[in-house]
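Beneath this line is the structure, given in structure tokens, with notes to follow.
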Amino acid sequence: MNNTTILEESPNGFPIVHRAPSVNFERGTGGDEAIRYYLQEMVKFNRLDSPIEYALINYCIGKIFFADKKVDGLIRTAGDRSRRIENALFHFHQSLEVFTQKDYPAQYVVICIFMAQLFRERTGIMAEGRSYLVKSGQSNPEESCQYGIDQIMLALPIFTVLHAKGGEEARKGAHAAAQSLVPLTKKTQQGEESTGMMEVEHALCCLEAGWLYMIQSEFMMNVKDDSIREHAVIHLEKAIDLCHMAAKTATKKE
């Protein structure tokens with residue numbers, strides 16, 4: 001199997017995701033039923049005998065918890081959403097035991113993006129004092145934000161790092177980097193589908209890194225050090241450059 005493939009179904013012919021109950025995240029229905037289904041499938045596909053299926057199931061459960069922000073059409077309470085976030089992080093961590101940076105770089109990147117977004121959302125809930133983790137003294141917003149930064153920084157080395165700054169030099173560096181990005185494919189029930197180069201995923205990684213650094217800088221307003229904010233700006237500028245490249249790529253395909 002091509003390790004630059006993003007798995008959305010078992011590569012071994014098991015229709016796990018294909019048979020899963022549908023979920024309507026806008027209405028907030030079907031999530032619990034789908035999770036129960038995947039947990040039952042995990043009994044059949046354990047970590048030892050079926051590592052890829054085990055990781056895929058955890059990945060799918062993580063995605064459900066990630067997107068599960070409503071119940072019966074109403075936005076979940078902060079406490080309820082906090083538990084969903086922790087469950088999502090747990091299952092994504094489990095999937096990364098198999099989908100490692102070395103063996104499944106594309107899948108690893110996608111999961112890291114999900115996790116960074118979760119840590120960012122988690123940090124916001126904590127900062128408002130609405131998380132049970134803060135109330136119980138188990139964690140705090142600063143720590144949560146740092147976890148998010150650590151997670152996304154694990155994904156960024158997979159891409160070509162852009163060192164050039166400013167003007168034409170930056171554009172040339174960005175273009176050169178785009179040419180060396182890893183080809184990305186997605187494996188579904190219907191087969192393998194090419195999704196082009198990884199400009200979008202790279203841009204999302206840079207965006208999340210920049211966003212998290214900006215949040216971290218707010219926690220350190222009394223510190224006379226602009227390095228964190230500078231990190232944020234550098235990553236956000238990279239995200240913008242990569243979005244422009246992704247748009248050009250999409251235009252050429254049309």
Side-chain angles (χ1 to χ4, degrees), residues 1-21 23 31-32 34-68 81-123 133 138-139 143-159 182-189 192 195 198 201-202 204-205 208-209 212:
M1 184 194 351
N2 182 356
N3 64 3
T4 61
T5 296
I6 295 177
L7 296 177
E8 297 291 349
E9 183 55 282
S10 166
N12 299 317
F14 301 110
I16 299 170
V17 181
H18 185 67
R19 297 187 310 187
V23 182
D32 290 341
I35 289 169
R36 283 194 293 270
Y37 162 79
Y38 280 119
L39 290 175
Q40 290 172 356
E41 290 297 295
M42 202 179 295
V43 175
K44 306 176 191 175
F45 301 99
N46 60 61
R47 171 75 171 83
L48 182 62
D49 299 324
S50 307
I52 296 176
E53 285 71 26
Y54 169 85
L56 176 65
I57 290 169
N58 275 288
Y59 169 67
C60 290
I61 295 174
K63 288 198 297 181
I64 294 172
F65 279 125
F66 171 88
D68 193 11
R81 180 57 187 160
S82 292
R83 286 185 283 274
R84 289 289 194 279
I85 290 172
E86 297 309 312
N87 283 329
L89 289 170
F90 170 79
H91 286 286
F92 281 137
H93 271 300
Q94 295 295 105
S95 67
L96 287 181
E97 290 184 1
V98 176
F99 296 143
T100 62
Q101 186 185 55
K102 177 183 177 182
D103 296 329
Y104 296 87
Q107 195 94 19
Y108 184 90
V109 163
V110 170
I111 294 171
C112 283
I113 292 171
F114 275 124
M115 293 180 71
Q117 292 179 1
L118 287 164
F119 278 120
R120 173 165 53 79
E121 183 183 359
R122 183 184 194 240
T123 300
L133 292 172
Q138 297 179 54
S139 188
E143 182 180 62
S144 180
C145 184
Q146 186 60 56
Y147 284 150
I149 292 172
D150 292 343
Q151 193 68 54
I152 206 67
M153 296 310 285
L154 288 172
L156 279 171
I158 293 173
F159 305 101
V182 186
L184 182 65
T185 56
K186 181 182 290 186
K187 186 174 286 293
T188 65
Q189 181 69 15
E192 213 170 72
T195 58
M198 292 187 75
E201 287 74 18
H202 194 177
L204 284 171
C205 278
E208 283 302 324
L212 285 160

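Small disclaimer: the values here were computed from a predicted structure and weren't measured.
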As an exercise, state the distance from [atom1] of [X] to [atom2] of [Y], rounded to the nearest 0.5 Å.
X	Y	atom1	atom2	answer
E8	H18	CD	NE2	14.5 Å
I16	Y38	CD1	OH	8.5 Å
R120	C145	CZ	SG	10.5 Å
I6	Y104	CD1	OH	13.5 Å
L133	S144	CG	OG	8.5 Å
E208	C112	CD	SG	11.5 Å

Determine yes or no for a side-chain-to-main-chain donor-acceptor pair under 3.5 angstrom, with [X] supplying the side chain and [Y] the backbone.
X	Y	answer
E9	V17	yes
R81	D68	yes
N46	L48	yes

What closest approach, in Å, do [X] and [Y] show between heavy atoms, and which atom pair accounts for it?
X	Y	value
I158	P105	CD1-O, 3.6 Å
F45	Y54	O-CB, 3.6 Å
I111	F99	CD1-CD1, 3.9 Å
L56	S10	CD2-N, 3.3 Å
Y59	L7	CE2-O, 3.7 Å
A55	S95	O-CB, 3.4 Å

So salt bridge (charged side-chain N to carboxylate O under 4.0 Å, His left out) across residues 38-50, not counting sequence neighbours, yields R19-E41, E41-K44, R47-E97
With sequence neighbours left out, write down each residue that passes side chain to side chain donor-acceptor pair (under 3.5 Å) with Q146, or none if nothing qualifies.
D150, Q216
Does the side chain of [Y] come within less than 4.5 Å of [X]'s, by heavy atoms?
X	Y	answer
L89	F119	yes
L96	Q151	yes
F65	L118	no

My understanding is that only one of E53, K63, Q94, H91 makes a side chain to side chain donor-acceptor pair (under 3.5 Å) with N58; could you say which?
H91
C205 and V109: CA distance, side-chain angles, deciding distance, side chain to side chain contact (heavy atoms under 4.5 Å, CB included) verdict
CA-CA 8 Å; C205 278; V109 163; 4.0 Å; yes
Over 60° means perpendicular and under 30° means parallel, so tell me whether F66 and F114 are parallel, tilted or perpendicular.
perpendicular
